[in-house]
Every structure is written in C-alpha cells, then in structure tokens.
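Working notes for the structure below.
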Amino acid sequence: MLDKAYDPKAVEDRIYKMWEESGAFKPESCQKGNGTFTISMPPPNATGQLHLGHAVMLALEDIFIRFARMQGKEALWVPGTDHAAIATENVVIKLLKDGGMKDPRKELGREKLIAKIAEFVEGSKNTIRSQVRKMGSSCDWSRERYTFEPSLNRLVNEVFKKMYDDGLIYRGHRIVNWDPKLQTTVSDDEVEYKEEKSPFYTFKYGPFEIGTSRPETKFGDKYVVMHPDDKRYSKYKHGDTFEAEWINGPVHATVIKDMSVDPAFGTGVMTITPWHDHIDFEIAERHGLEKEQVIDFDGKLLPMAGEFAGMKIDDARPLIVEKLKAKGLVVKSDENYVHNKAVSQRGGGTLEPQIKLQWFIDVNKEKVSWKGQSMSLKQIMHDVVHHGDITIIPDRFDKTYFHWIDNLRDWCISRQIWWGHRVPVWYKDGETYCAVNPPEGAGWQQDSDTLDTWFSSGLWTWSSLIDAKLTENPNLSLQELLAQSPDFQKFHPTSVMETGYDILFFWVARMILMTTYATGQIPFKTVYLHGLIRTREGKKMSKSHPETMIDPLDIITKYGADALRLSMIVGQSPGADSRLYEEKIAGYRNFINKLWNASRFVLMQCEAAGRDPHSISPSDNTPRSLADQALQIELITLSNNVISGLETYRLSDVGEKLYSFVWDFFCDWYLELSKGEVNISFLVNSLREILVLLHPYCPFITEELWKEIKHENASMLIAFPFPSFVVLAEGKGPNLRSQFQILIDVITALRKLRTDQNVEPSKEISVVIVTKKYSALLESQESHIRRMGKVGSLMISTDSQKLENVASAFLSDIEVHLSLEGLVDKEKEKASLTKERDQLTKFVAGIEGKLSNEQFVSKAPAKLIDEQKAKLAETVEKLKKIEERLKGL
RNA sequence: GGGCAAUUAGCUCAGCUGGUUAGAGCGCCACAUUGACAUUGUGGAGGUCACAAGUUCGAAUCUUGUAUUGCCCACCA
C-alpha cells in the first residue's frame, strides 16, 4: 500500500531515470503518423545555475512536449547549453583573479585562457544538466547540443561567409557602445539606462552659450550646432567661423545648422563631440565634419586634453569646470539635473560611445530573397510576423516587435573578448579573406574579434538539428548540410519557441533574422512568451538581494517538482509577470498530496474488493450509478477542455480546471459517494484517465501512481495516448449531470441546516424532503443522502407535510426539513431564510424588470428570454415557500 | 517624450466572442478528528468589479476620458 503522504524525494529521480533509460524522450519512441512537434530549448548558460526563469520555461515546454507526445506526435525537444560569451569569460577571469592572477588575459594569452575557460565549462555543464532533469524535463538528451561545439562553429562560419558574400556583413568605422571595464563593444540592446544626478553646466563658447553635463568631452569641440529656423541665431549662417576662448586656449569654431537640434532645449545651441556621442556622430556624418577621439578605451583622457591627459573622466570633470570658472566661461550650473547614464547590461560599467572599426550586419540592404522578392533583413523580420507565418502569444507583443524593427540600426556583431566564435576573416598584406576554413598559405592573420553570442544563438533552432558528423566534411555547402540532415528535414521549422518576453529582441528577433536568411525557413511557428516571476511584493528577484530569491532546487527538495510546476503555471498568463511565494507552492503540494491520497483510497478499495487493479480491463468501464454517469460526463468535459485549452496555449486555465475537478468534484463528491457504493472497475478506469490528463502538468506523481493502477499491458504514462476530443450529445449527458447536482444541493442544504441549528456533527438527524419533480430521483439516491448527511430517518414525499419542530431550507422544487426533537433555533433559521429571501427578492425584481422591458423582450435572443422566464417561475415558487415559512416562525 | 499593460474579496489572481444571484486559492470565523488525506473535512463571513461619461434592451466585459501603478522604447546636447 502507498505511504500516507506523497514523498517526491523518494520518487522523482527514480522516475526520471526510468523515463530516460527507456528512451521515451526520443521521437523515435513516439507513435508515427500524427505529424511532428518540435521545441528548441532555450539553452541555459553552460556554467549557469537553474533559476526560476529556467524553471518556468522548462515547465511550460515540458507540458507542450508531453501533450504532443501523448497525442501521438513525433515529439522532439532538443536540449542544449550556451557558451554565453561575455558572461562566461567574466566568470572564469574572476575565478583566476581570485586564485591570485593579476591579469589573466595578459598572463595566459589567448590560447591558454580559452583552454582554461573550455575546461571550466566542461566541468560545470553537468550541474545545469542535472538541474534541468530535476524539473522533469522530457527532452532528448541524446541530441543535446552546445552553442560552441565544432559543428556549430562550422555553421556560424558558413552563415558569416554567406552574409559576407551577399554584402550583408561589412566592416567599418562606426560609433559603437564601448565598455571600458570589459574592454569590448556591446550591442545596442545590451545598453541599459540608469538615472543619475549630475550637474548641467552652461558655458560661454564664443558668442554662444552652450549646455552640457559632460564637460570632459568638450576639449575637441569645434562646431556649434543650431536649428536652421531658430530666429535668435538667424544672423549666423551655416559655415560661418569664429574664434572662441576654450578650456585649453582659443579654438577655431564653425557654425552648423541642423534640424536635429531642439530650439526649446537650453539655449538652442550645442557643441558636438562626434567621437563620443551617437547623435553627434550622425550630425557629423551628415555634414562631413571632423571627428576626434577625446577619451581612450580605458576611459582616460587623451593627450589632446592637455594638462588633464591621462586622468579618468570622473576625476577630471570637476577640475575642468574649475578651470572654466576661473576663465569666466561658466554661465551657470544646475546641480539637480537628472540624466540617463548608459551602462552595460553585462558588467554594469559605464558605457562610452567610441568610434571603432567593427563588423556589422546591414539590416537595410534589400538583397535577401524571400517569398520571391528581394528584401532587407528588416523587411523579412517584419513580413513573417505581419503575414502570420509566425504567431506571437500574446499578440500585443507584435507591436513591440514591429517598433523594435522600425528602429533597428545595423547590428554590431564583433566583440573584443576571446571566448566565442571567432570572426572567420583573415588578413595579409592589406588583403582580406573571408572563408569557412582558414586560408592555406603562411602569413595570414585571423581577425582577433569574436562574434556576439546572439549571432550563434540566432541559428539555434536549426543548427542544433544539423548532423554533427556531416559538418566534419569540409566539402559540403550549407545547402547540402541542411538537405542531408535528417533531423533538420523532419523537425524544422520548430513548432513553438517558449521564452521570456525580456528576451524578445535579443534572441527571438535574431533567430527570425538569422534563420530565415540562412535556411529560407522560419525558425518556429509560434512564439509563446512567458512573464517574469516576481516576489510576493511584486519585486524583481535579484542576485544582489539574495533574500528575495527563490531557488527552484530548494523548492523541489521541499515540495517536489510537480508542485513547483503547478505553482508557476496556474495563475500565470502569457506575457504577464506573476508572483511566487511559498504558501502558493505549498498549496499545490497539498493538491499533489490530495491526488496521492485519492489514489491510495482507490487502491484500498481494490484491495478490499480483492481486485488487482492491473488486471482491470480498460474496456470494463461501464457507469452504473448516477454518480458514475455524472463522473463520466464530467471527465469527458474536462478532457475536452484540457485538449482545447492546451491547443490554444491556455495553460493556466487548464491547470485550474484539472485542480478543481480532482479536488472539488472527484474527491469531494465522487469518492465520498463511492464509500457507500463502489463500482471498482469504473473507478479505476476513471482514475487512470485523470492521471493521463494530469500527466503533462505533474509528470512525476502521475507516473508513479500510474504504475500502481495501470492495466498490465499499458505502457508507461509518458508514452500513453491522450484521449481525443469527444463531442457530447445534447440532452442526456448534461441532464444526468444536473440530476447529480440536485443530489449535491440537497446534501449541502442538509449540512447547512445542521450547522445553523448547531446539531452535533456525529448526531443522526431526521429529515423530511418534499418534492414533486424529483422524488424518484432522490429516492434512488436515498442511501447517499443518508450517509453524506448523517440522516437517521428519511422521508421523501410528493405532498406537502404538516411539520412541527423543524428547520427548513428551500431549493427549486424541493423542501428540505430537518426535524429536531428539542428546540429549533428559530432565530438562526429566520436569519438564514431572511437572508435568502432578500437575495431572491432582489433577483426576482431584476428579472421581472427585464421581462417587462419591451426593448429587452423584442431584442434579446429568444433562448435567453425563455431561460429567464423559467428561472423567474422557479424562483418565485421558492420565494413563496420561504415567505410562508417565515410567517410561521 | 512615445508605446504597452494592469486596476475585481484582507492578499494573489480567474472571469475567452457583452446576458453568471461576479468565482478560485490563501487568509479569516465557527464546527469536526481513529478508516484516502490535518499537506484534512463541513458550513460561513467578505466585493456598489479604480473613477466618470458614453454605446446597448443589457457592461466587470465594448468606446472615450481621468487617476494610480508597472513595464518597454527613445535619449534633450
């Protein structure tokens, strides 16, 4: 017999091992003929730890994939890990520094450092692998991939080369986001803005006054820019020059007129620093102005800053202001000025715009063939979502996505770190050579930069499906690699990409860009975006505040993976943040335990009846009692709801329905009633179906219970077929269900009377039920009424009775009278009936109002009117009885 | 500055295309306890659905506006 309480620790690892060893995670084990279903797992960092973001992703994807698998699809979920370029390199460098090294990059050099990182990554991959398993993820480990493995490097090079040849990748001096701390560029999407208070100065600059919050960039400024229509400055013409006394002496300045200047801001005049500001750079480009570097790549001032050369900008700033003040050039300063400081999302260092020779992807060049047209990468990204090739859930993110595309600038893909796919370009004597493989011949120097990690991640849905063996053959083209990889042919495009909305731009958009371009296929048909998991207070969980963090692994240890999964899924709608806290998880742990005990009860019934559940045939499933029939109807309804809900990605809904079915219907009513009258084979088969329906949500406990209760020939639950949608005939089914509801209502009414009258729970009561319409029904259910209501004597009559010493309740067409030998607490009964009378009176008035409204009667659908009339008649009848009773009290 | 979302019971949230006597879980109150389950059972209290106007026979649900909160994007030198 099962233990009294479910202990996930004793079950989960064992079950997971059983699944994995059986090969159940492989599509080859699935039934054939119902199509394929593929998910690419967003690869966690190879050196990472499982956090709630992963946990929710894994739970959702596991539900999708288990459902598809049970529906008989060839379901493939490809796991993998990410080399997470910048993040990983930082982690290892920090470790080396902690170990006593001063500057690991310098001391080790490129090759040795990469080897160190690789070693570290291999050593720590197992952590995340086993953590992914802990969640119950049914992914195919035999197909596990890594974004930095050789086969993927080959594909990265193939795609780079293709883009290079198509002129979509170019190298050029552009303004980029430079992180002086990490010594690399980062992409526009990796820039975060933090509010910072720093003084805003107004300086005298020749005949003008200019404002700035960054005096340290101003050394080389020699252009003043104003709006061409600004009347105040109409006497100055574009191109006019003048002398101005400046920080380190006089400068020769030029007037530039440009539309981008806002005349309403400050004095309407500004000087520009094209080397260190995106907007200024664009102005300079428009007018062909000179650009000069002021700050070096370590964040220090260059020799052109004169006496300030070599100083860090933060140190130099106040000194520069002092000097200008001494020269009488400071007009005013606003100490409370708040501006947005650009910081690196990666390391948190202050970003400095710099002009640098970098590699870029041109997103505007209309040279890519798509759907028979020549389009830009931007246009393709737009097109596939706009025309519904790809559906984003929730759809409001379409707008966000389009807006991002509209503002997308060329993507800087080169990084100055070492850990990553290296730019496949070589140089010799001013010659440039781009190729998948290194050039033959001596003297070629490979580009020292590596690629943005999202470049390789962008290929993930398909690069992870390419046969790794094939990539060892250097003679195959990209097209041939695609064409000859069976997995790619069979499983791509993938079915659904499930990930956090915070990564829509970084990754989802880039997969669309890279994949449509490289393969001619969309990467996925549906994008399902989940929200952030927040604390109980709605705050972001953050590493810097460890007390706010919930560690999924702790939770699994304490409450089990099934409970964790449910607590994250139920109550979360796509694209919206949700809150998680321990009581919530405990609630689902309780639910899991309830399911355990319900099953335990069923098994006890089997034992008591001398039946081995394993030998109960699935076809031995005939309902006998009203309760059986109601359960059958309810199960079909539930199963239909689960199917349609999962097919439309309404996971929270489905989870709630499963929960309330199991607890509120199956346990509270069906099982309780079955204590009086048990239909073993039907009960066992019903429980089996419940386990099937619950399996995608809570795979561990259902598989464990399945073992106890399944038919001997049945497969493991993970591989068991899901029911199909059943169209319920009208009439009979719903009718039986509502008859069952009447039984429930009568019992509930009895219980309420008991409580109102303070009858001891253990005491048997005498009951008289008066009903014309339902006497046959209730007579047939008499034993249930007796047992569930603890009724001693029960009389069911079709004629109204003269009764003394009773407390009464009134349902539609049914009077329930509780006889009390002693005193009836009339006040309690009066209060209860009065309350109900008032409610019903209001209700009746409402309906009467509607029905006497000509507009309603003429315009509302006939069906609704009939319903309302029926309800009215029923309620009026009930109300009459209650009022009579109240008079007698 | 632009955009998106949220606002329903003490708390966390459902309520899909307008018709429900507005629901759930937790919490709360009362009662129960050897027979699946205290990780429980039974009964109960608790909401003028942020506010205002409109559309409609009918609005938590649709429209507009207001307020509050949150997020994303832009980055005014």
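Note on naming: letters A, B, ... go to the chains in the order of the sequence lines (proteins, then strands), and numbering restarts at 1 for each one. Predicted model, so just to flag it, every value in this text is computed and none were measured.
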[X], nearest nucleotide to its side chain (from [options]):
X	options	answer
Cys667(A)	A36(B), G25(B), U39(B)	A36(B)
Asn590(A)	A5(B), C73(B), U40(B)	U40(B)
Glu583(A)	U39(B), A36(B), C26(B)	C26(B)
Lys594(A)	C37(B), C75(B), A32(B)	C37(B)
Gln855(A)	A36(B), G41(B), C57(B)	C57(B)
Thr755(A)	G43(B), U39(B), C73(B)	G43(B)
Tyr193(A)	G43(B), A36(B), A74(B)	A74(B)
Arg589(A)	U39(B), A36(B), U40(B)	U39(B)
Lys752(A)	A36(B), C4(B), G43(B)	G43(B)
Lys4(A)	C71(B), C37(B), A36(B)	C37(B)

task = Let me have RNA chain B in dot-bracket notation, would you? Count Watson-Crick plus G-U wobble pairs, both distances under 3.5 Å, and use [ ] for pairs crossing earlier ones and | for inter-strand partners.
result = (((((((..((((.....[...)))).(((((.......))))).....(((((..]....))))))))))))....
ask   = Taking NZ from Lys194(A) and C1' from C73(B), how many angstroms apart are they, rounded to a whole number?
value =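 From Lys194(A) NZ to C73(B) C1': 19 Å.
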query = Any side-chain N or O of Arg396(A) under 4.0 Å from OP1/OP2 of C4(B)?
reply = no
request  = Examine G41(B): is either OP1 or OP2 under 4.0 Å from a nitrogen or oxygen in the side chain of Trp663(A)? Give yes or no.
outcome  = yes
Without hydrogens or angle criteria, can the side chains of [X] and [Y] be said to hold a donor-acceptor pair below 3.5 Å?
X	Y	value
Asp189(A)	Ser187(A)	no
Tyr501(A)	Asp577(A)	yes
Asn407(A)	His403(A)	yes
Tyr6(A)	Glu704(A)	no
Asp825(A)	Asn758(A)	no
Thr217(A)	Asp277(A)	no
Asp258(A)	His287(A)	yes

ask   = NA contact type, Lys218(A), heavy-atom cut-off 4.0 Å: base, sugar-phosphate, or nothing?
value = sugar-phosphate
request  = Would you mind classifying the nucleic acid contact of Ile279(A) as base, sugar-phosphate or nothing, using non-hydrogen atoms under 4.0 angstrom?
outcome  =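 If one applies the 4.0 Å heavy-atom cut-off, Ile279(A) turns out to touch the sugar-phosphate alone, with no base involved.
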task = Can you check whether any acceptor in the base of C4(B) is under 3.5 Å from a donor in the side chain of Lys399(A), or vice versa?
result = no
request  = Give a yes or no on whether a donor-acceptor pair under 3.5 Å exists between the nucleobase atoms of C75(B), that is its base, and the side chain of Asn340(A).
outcome  = yes
Pick the [atom1] atom in [N] and in [M], then give their distance to the nearest Å.
N	M	atom1	value
U61(B)	A22(B)	C1'	11 Å
A59(B)	C51(B)	P	15 Å
U42(B)	U56(B)	C1'	44 Å
A24(B)	G47(B)	C1'	14 Å
C13(B)	C29(B)	P	24 Å
G65(B)	C28(B)	C1'	39 Å

ask   = Taking atom NZ of Lys222(A) as the centre, does the number of heavy atoms from other residues, nucleotides or ligands within less than 6.0 Å exceed 12?
value = yes
remark   = Once base and sugar-phosphate atoms are separated, protein heavy atoms under 4.0 Å mark nucleotides 13-22 of chain B, 5' to 3', with B, S and - as SS----BSB-
ask   = Going through the distances and angles, do Arg600(A) and Glu708(A) end up as a salt bridge (charged side-chain N to carboxylate O under 4.0 Å, His left out)?
value = CA-CA 9 Å; Arg600(A) 182 167 182 259; Glu708(A) 304 292 331; over 6 Å; no
request  = Kindly write out the residues that satisfy side chain to side chain contact (heavy atoms under 4.5 Å, CB included) with Glu764(A), not counting sequence neighbours, or none if the list is empty.
outcome  = none
inquiry  = Can you tell me how the ring of Tyr659(A) sits relative to the ring of Phe591(A), calling it parallel under 30°, perpendicular over 60° and tilted otherwise?
reply    = parallel
